[in-house]
Amino acid sequence: MNANDNIPPGGKPPAAPAAPAAPATLPTTGLLRLSQVLKLIPISRSSFYAGQAKGLYPRSVAIGARARAYRVEDIRALIEKGVA
């Protein structure tokens, strides 16, 4: 078996599936979970937490005993400021 066995006769390997696109617009108000924020801001979870500790990124708000979320307004301001 050869690495080139999966290449079709045209010579180009099949394209990788595209990553899902981030939503074009954010709601006016509301809350986003960290996984949703990280789709809009392409950094790792640990980098986001480190940025929070340095004051670069907004703090989360408690939405339950063990759940936290981020205000849409804070994330929009972060994106518009260009820090992300």
**Q** So, taking the atom named OH in Y57 and the one named CD1 in I75, what distance separates them when rounded to the nearest 0.5 Å?
**A**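 It is 10.0 Å, given to the nearest 0.5 Å.
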
**Q** Measure across R68 and I63 and return the closest heavy-atom pair with its distance rounded to 0.1 Å.
**A**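 So the minimum-distance heavy-atom pair works out to N-CG1, 3.9 Å.
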
**Q** In the structure I gave you, are the side-chain heavy atoms of L34 and Y49 within less than 4.5 Å of one another anywhere?
**A**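 Sidechains of Y49 and L34: in contact.
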
**Q** Under the ring-ring contact (aromatic ring centres under 6.0 Å, His included) rule, collect the residues that match up with Y70, sequence neighbours excluded.
**A**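 For Y70 the ring-ring contact (aromatic ring centres under 6.0 Å, His included) partners, ignoring immediate neighbours, are F48.
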
**Q** Between Q52 and P58, is there a donor-acceptor pair closer than 3.5 Å when you use the side chain of the first and the backbone of the second?
**A**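 Pair found, side chain donor or acceptor close to backbone of P58.
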
**Q** Supply the atom-to-atom distance L78 CG to I41 CD1, rounded to the nearest 0.5 angstrom.
**A**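 It is 4.5 Å, given to the nearest 0.5 Å.
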
**Q** Can you check whether T29 reaches V72 side chain to side chain, under 4.5 Å on heavy atoms?
**A**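 No, side chains not in contact.
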
**Q** Honestly curious: do L26 and L31 fall in one hydrophobic cluster under the side-chain, below-4.5 Å linking rule?
**A**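 Hydrophobic grouping puts L26 apart from L31.
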
**Q** Answer yes or no: is there a donor N or O on one side and an acceptor on the other, between the side chain of R71 and the main chain of G30, under 3.5 Å?
**A**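 Absent.
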
**Q** Under the salt bridge (Lys or Arg N to Asp or Glu O under 4.0 Å) rule, collect the residues that match up with R33, sequence neighbours excluded.
**A**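 Once residues adjacent in sequence are excluded, R33 has no partner under the salt bridge (Lys or Arg N to Asp or Glu O under 4.0 Å) criterion.
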
**Q** Compare all side-chain heavy atoms of L40 with those of L32 and state whether any distance is below 4.5 angstrom.
**A**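 A side-chain contact exists here, since the closest heavy-atom pair is under 4.5 Å.
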
